[in-house]
Amino acid sequence: MTVHKPAESAEPRIIAEYQLHVHDRYNWDGDKSTEIAGITVSDKRMGALHTAGLAREYDIAGSSGVRRYEGTVPSNGPVNLPGAPGGRDGERSDPTR
């Protein structure tokens with residue numbers, strides 16, 4: 001993070017370089033569920049598929065490249081950070097993302 005001193009009556013400008021790291025274990029522990037395309041899928045159901053040999057637990061890990069934000073510090077509200085090129089707009093429940 002670099003903060004540039006503002007000129008008189010101007011807002012400070014910042015440069016932020018950041019990287020995202022992700023690690024998660026997908027296991028079917030029975031107490032969660034999610035909705036996919038309007039159908040609720042429980043961990044209990046996935047656990048049963050795992051027991052039957054039709055699903056398995058797995059790990060996911062990865063890192064993004066270094067991203068850069070350059071602009072003013074927002075006075076109220078979040079910083080609008082750039083997304084990944086060809087990113088995945090939408091929310092977790094959006095099957096088209």
In one Ile/Leu/Val/Met/Phe/Trp/Tyr side-chain cluster, 4.5 Å: [X], [Y]:
| X | Y | result |
| --- | --- | --- |
| Y26 | V22 | no |
| L54 | Y58 | yes |
| I36 | I60 | yes |
| L20 | Y69 | no |

Heavy-atom closest pair, residues [X] and [Y]:
| X | Y | value |
| --- | --- | --- |
| D31 | D43 | N-CB, 4.2 Å |
| H4 | I15 | NE2-CD1, 3.5 Å |
| R68 | E17 | NH1-OE2, 3.0 Å |
| H50 | A55 | CD2-O, 3.0 Å |
| P12 | P6 | N-CB, 3.7 Å |
| S42 | S33 | CA-CB, 3.6 Å |

Subject >> salt bridge (Lys or Arg N to Asp or Glu O under 4.0 Å) involving K44 - partner list, sequence neighbours excluded >> reply: none

Subject >> Contacts of type salt bridge (Lys or Arg N to Asp or Glu O under 4.0 Å), residue D24, not counting sequence neighbours >> reply: none

**OP:** Hey, could you give me the OG1/CZ distance between T72 and R13, rounded to the nearest 0.5 Å?
**Re:** 6.5 Å

**OP:** State, with a plain yes or no, whether a side-chain heavy atom of Q19 is found less than 4.5 Å away from one of R67.
**Re:** no

